[in-house]
Structure formats: structure tokens, C-alpha cells
Amino acid sequence: QVQLVESGGGLVQAGGSLRLSCAGAQRTLNSYSMAWFRQFLGRQRELVAAIRWSDGSTYYDESAKGRFTISKDGAQGTVDLQMNSLKPEDTAVYYCASMIRRGPYDLRGEYDYWGQGTQVTVSI
């Protein structure tokens, strides 16, 4: 069974930073792209950022632009999400996802593997 494992969530004050990491070893290395989604309470998961494994090109949701940075480590097979200037409205469960074949970044159904999620809570 494929596993993607997120780490790095937690509680932080508004304006603070957190760094999320996603490990999946061989599965991430075989991916077309990796992404971070988040899910607010009572809502569907939505894309935060994505990165293409082959060349590192990135895509960001408008809410993440200028504050969040997605990056990859090819040797380790990990994908990180650096989140700065966090706001209370960033509070959500954050999920790592892997897409094996080329597809639109923002469609949840295009992703083949998911992590279990990590809670990010931003206090006022």
C-alpha cells in the first residue's frame, strides 16, 4: 500500500510560519506532480500548491501566492510547503497528494495517492 506521510503541522500565531513536509519515497519519485491541498471544516479539499517533479515548475492558488512556497528534494523524495505570514483563515487540514500521470493540478480526482493529513491551526 502506498503511503504519503505529512509532518510539520501544528498551532501557530497569526503572522507566524510553518513548514510542512511530505514523504513518500519511491512513490513521489515516480510522480508526474505532487501537490498540497487543504480542507476547511465542512468543505471540499482545495488545491494550495503543486510542483512538477521533472522540472520543478510550480503552481499556486491565489490565496497562497507570495506567502507559501512549494519545493521538492529529489534525493529524499520529499515535497515541502513553507507557509509564511499565516492567517487564521489558513486553518485547515493539509494533505499531500501525488499524481502519477499528467493532469490538471486543481482536480482532486486526478491524484492517485493521498496522505492522512496534518492539522494547521492559526490563532489570532
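Bear in mind that the values here come from a model prediction, so they are computed numbers and not experimental data. We're numbering straight along the sequence, starting at 1.
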Can a donor-acceptor pair be found between the side chains of [X] and [Y] at a distance below 3.5 Å?
X: R38; Y: Y94; answer: yes
X: S98; Y: S31; answer: yes
X: S57; Y: R52; answer: yes

Exercise. Please check if atom CD in E89 has more than 12 non-hydrogen atoms from other residues, nucleotides or ligands closer than 6.0 Å.
Key: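 Enclosed: over 12 neighbouring heavy atoms sit under 6.0 Å from CD of E89.
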Quiz item: Crowded around L107 CG? As in, over 12 foreign heavy atoms under 6.0 Å?
Solution: yes
Does a side-chain heavy-atom distance below 4.5 Å link [X] with [Y]?
X: F68; Y: Q82; result: no
X: V120; Y: L20; result: yes
X: V79; Y: I70; result: yes
X: Y32; Y: I100; result: no
X: F37; Y: V48; result: no

Quiz item: Given the rule in the side-chain hydrogen bond (donor to acceptor under 3.5 Å, both in side chains) test, do T78 and D73 qualify, once you have shown the distances and angles that lead to the verdict?
Solution: CA-CA 5 Å; T78 58; D73 184 324; 4.7 Å; no
Exercise. Any chance you could lay out the side-chain hydrogen bond (donor to acceptor under 3.5 Å, both in side chains) test for N84 and S17, step after step, and finish with the verdict?
Key: CA-CA 4 Å; N84 299 327; S17 298; 2.9 Å; yes
Practice problem: Would you check if the side chain of R108 reaches a backbone N or O of R45 as a donor-acceptor pair within less than 3.5 Å? | Solution: yes
